[in-house]
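Step one of this worksheet: look at the structure below.
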Amino acid sequence: MRRAVCPGSFDPITYGHLDIIARASKNFDEVVVAVLENRTKSSMFTVAERIEMIREVAKVYPNVKVDSWSGLLVDYCKSNSIEVIVKGLRAVTDFDYELQMAQVNIQAAGVETMFMATAPSHSFLSSSLVKELAHYGGDVSSMVPASINAALKHRISGV
Ligand code: PNS
């Protein structure tokens with residue numbers, strides 16, 4: 001069985017992430033969406049909230065599971081018999097950092113990374129941008145599923 005992981009902070013999940021998850025699900029027997037802490041970012045949603053939100057929007061893909069991990073991604077891969085990390089690349093600005101991580105992960109642990117080109121319609125999309133827009137009352141309905149939009153509004157309104 002070929003298993004892959006789509007890792008990220010998913011704070012929150014966007015249509016850009018979902019596009020990569022959907023395409024990965026067609027290329028692997030099982031895909032685990034793993035919510036990991038990114039130590040360079042502060043989060044709006046807890047890991048438990050993010051897992052719940054992802055489960056809701058990814059339930060249409062029967063071979064996609066959602067999990068979380070705190071620690072190195074390669075250790076998660078080893079403990080769960082996952083051979084491949086799948087990442088989306090939006091633009092050259094993603095490339096330097098993603099290449100470094102992929103090289104560390106192959107060199108230190110023998111775990112492969114496969115990059116998928118993000119759909120052009122999503123190339124500008126990021127969770128940070130979505131949070132910024134939503135914070136100031138911008139319309140993010142074309143960037144995230146309706147349930148995520150509702151969760152953002154709820155969190156921002158503080159109720
Ligand atoms: O969605 P993000 O914030 O770009 O995801 C980055 C993430 C969480 C996948 C990355 O920071 C990560 O893999 N963190 C886990 C710790 C780890 O393995 N770091 C890489 C060492 S080179």
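We're numbering straight along the sequence, starting at 1. What you are looking at is a predicted structure, and each value in this text was computed from that prediction instead of being measured.
No donor-acceptor pair closer than 3.5 Å links the side chain of N105 to the backbone N or O of V111. When atom types are taken as modelled, the side chain of D94 and the backbone of L89 share no donor-acceptor pair closer than 3.5 angstrom. R50 places no side-chain N or O within donor-acceptor distance of the main-chain N or O of V35, the cut-off being under 3.5 Å. Using a distance-only test at 3.5 Å, with no hydrogens or angles considered, a donor-acceptor pair links the side chain of R55 to the main chain of V66. Distance alone, capped at 3.5 Å, is enough to place a donor-acceptor pair between the D29 side chain and the R2 backbone. At least one donor-acceptor pair under 3.5 Å links the side chain of R90 to the backbone N or O of L125.
F45 places a side-chain heavy atom less than 4.5 Å from the side chain of L152. T14 has its side chain out of reach of H122: every pair of non-hydrogen atoms, C-beta onward, lies at least 4.5 Å apart. Residues I82 and V32 form a side-chain contact, since some pair of their non-hydrogen atoms from C-beta on lies under 4.5 Å apart. Side chains of N27 and M116 form a contact here, defined as non-hydrogen atoms less than 4.5 Å apart. Here the side chains of V104 and Q100 are not in contact, with every heavy-atom distance at 4.5 Å or above.
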message: Set out, in order, the CA-CA distance, both residues' side-chain angles and the distance that settles side-chain contact (heavy atoms from CB on, under 4.5 Å) for K131 and D11, then state yes or no.
response: CA-CA 9 Å; K131 284 184 283 192; D11 186 50; 2.7 Å; yes

- request: Walk me through it: do I13 and I21 pass the test side-chain contact (heavy atoms from CB on, under 4.5 Å)?
  value: CA-CA 11 Å; I13 190 165; I21 293 164; 3.8 Å; yes

field: CA sep, side-chain torsions, deciding dist, call: Y61, L18, side-chain contact (heavy atoms from CB on, under 4.5 Å)
entry: CA-CA 10 Å; Y61 308 110; L18 267 174; 4.3 Å; yes

task: Please report the C-alpha distance between I106 and E112 in whole Å, then the side-chain angles of each, then the deciding distance to 0.1 Å, and finally whether the side-chain contact (heavy atoms from CB on, under 4.5 Å) criterion is met.
output: CA-CA 6 Å; I106 189 74; E112 288 287 0; 3.7 Å; yes

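Between F95 and F115, the angle of the ring planes lies from 30° to 60°, which puts this pair in the tilted group.
No continuous path of ILVMFWY side-chain contacts below 4.5 Å connects M114 to L36, so the two sit in separate hydrophobic clusters. Hydrophobic clustering places Y15 together with V64 (ILVMFWY residues linked when any side-chain heavy atoms are closer than 4.5 Å, directly or through intermediates).
The structure places CD of E37 at 10.0 Å from OG of S42, a figure rounded to the nearest 0.5 Å.
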